[in-house]
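Chain identifiers are assigned alphabetically (A, B, ...) following the order of the sequence lines, protein sequences preceding nucleic acid strands; residue numbering begins at 1 within each chain.
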2 protein chains.
Amino acid sequence: MQPEISKETIRGHTTTIVLNILNQGDSYGYAIAKTIKQLSHAAYDINEATLYTVFRRLEKNGDIASYWGSETQGGRRKYYQITPQGQATLDHNIQEWNFAKHVIDDLILGRIDADV
Amino acid sequence: MQPEISKETIRGHTTTIVLNILNQGDSYGYAIAKTIKQLSHAAYDINEATLYTVFRRLEKNGDIASYWGSETQGGRRKYYQITPQGQATLDHNIQEWNFAKHVIDDLILGRIDADV
DNA sequence: CAAAGTACTGTGTGATACAAAGTAGTTAGT
DNA sequence: ACTAACTACTTTGTATCACACAGTACTTTG
């Protein structure tokens, strides 16, 4: 059993991962990083810089919105919230993944048909 | 049914795809591109530049070897052949993919456990 | 009071897939 | 004979994305 997932394989899925987590309730950077580690059974420990890059990308696209938490003294937290558009993106990405899984299976496990 | 697989999802799998095809017999660029299209049921039409980049990368790593075909007049073809090391890489990458599939499923479909 | 943990941000780098363009030979249609 | 489509390989430049590294700042614990 591999302990970690490779960068190149996870690439392209980080936004969907974050959307899935936010779809279950508002959250903030540090907590999301820990949730990712937990959901992946420690196979993926997302880099902080990566995570905040994902936030910026998603917010720019309108898939998430953000607001500062009400922690008055110190320990500021920026909360993220999925938008209706983000939920649509999530649905779309999940379908895309389910499709891609089969295509990649065919491509890396498949035998070449003699007849065309 | 989506017609095409997204670039970001296929990324990182191209070398494994090529290794799988070469593991079934020597072949050359153009033919491999068509095999990829066929195996993916037209979901992935690899760009030529991408394919030749993959060849260079794999040859540099020692996973494949190449030789010019014996077509004496015109229509030159460069054939590629998987090496024993390439077969080991293929096996490794397939295991990695089977592992990654489950991790990504957990990450983009998984529910967050209330208890930690 | 120092160390570890929580929490957010910016800059720069590396890997990779592809678009675009070029070179060159072959085959099929009119 | 000519042109278009197809076969076949290569180079250059670009875009995306994940991350390493570095920095800022507050809190908790020994």
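- Of the residues in residues 16-32 of chain B, those placing a heavy atom less than 4.0 Å from an atom of DNA chain D are B:Tyr28, B:Gly29, B:Tyr30, in numerical order.
- Side-chain atoms of B:Ser66 and B:Gln81 include no donor-acceptor pair closer than 3.5 Å.
- Residue A:Tyr52 has no polar side-chain atom (N or O) positioned under 4.0 Å from OP1 or OP2 of C:dT9.
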Can you give one letter per nucleotide of nucleotides 13-20 of chain D, going 5' to 3': B for a protein heavy atom under 4.0 Å from the base, S for sugar-phosphate only, - for none?
---BBSBB

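- In summary, A:Lys101 and B:Asp105 engage in a salt bridge, as defined by a charged side-chain N under 4.0 Å from a carboxylate O.
- Using bins of under 30°, 30° to 60° and over 60° for the plane-to-plane angle, the ring pair B:Trp97/B:His13 lands in the perpendicular bin.
- For D:dA8, the OP1/OP2 oxygens have no side-chain nitrogen or oxygen of B:Lys34 closer than 4.0 Å.
- From B:Thr16, atom OG1 reaches atom CG of B:Asn23 across 12.0 Å, with rounding to the nearest 0.5 Å.
- Counting to the nearest Å, the P atom of D:dA8 and the OH atom of B:Tyr67 are 14 Å from each other.
- Taking NZ of B:Lys78 as the start and OH of B:Tyr28 as the end, the distance is 15.5 Å to the nearest 0.5 Å.
- Applying the side chain to side chain contact (heavy atoms under 4.5 Å, CB included) test between B:Leu58 and each of B:Val18, B:Thr14, B:Leu22 identifies B:Val18 as the sole match.
- The CD1 atom of B:Ile36 sits 15 Å away from the P atom of D:dA8 (whole-angstrom rounding).
- No side-chain N or O of A:Thr53 forms a donor-acceptor pair with one of A:Thr50 less than 3.5 Å apart.
- Between the B:Ser40 side chain and the B:Ile36 main chain, a donor and an acceptor come within less than 3.5 Å of each other.
- Rounded to a whole Å, the CZ atom of B:Phe55 is 8 Å from the P atom of D:dC9.
- What separates CD of B:Glu48 from P of D:dC6 is a distance of 13 Å, to the nearest Å.
- Base pairing annotation: D:dG30 forms a Watson-Crick or G-U wobble pair with C:dC1, both donor-acceptor distances under 3.5 Å.
- Between the CD1 atom of B:Ile5 and the C1' atom of C:dC18 there is a distance of 15 Å, rounded to whole Å.
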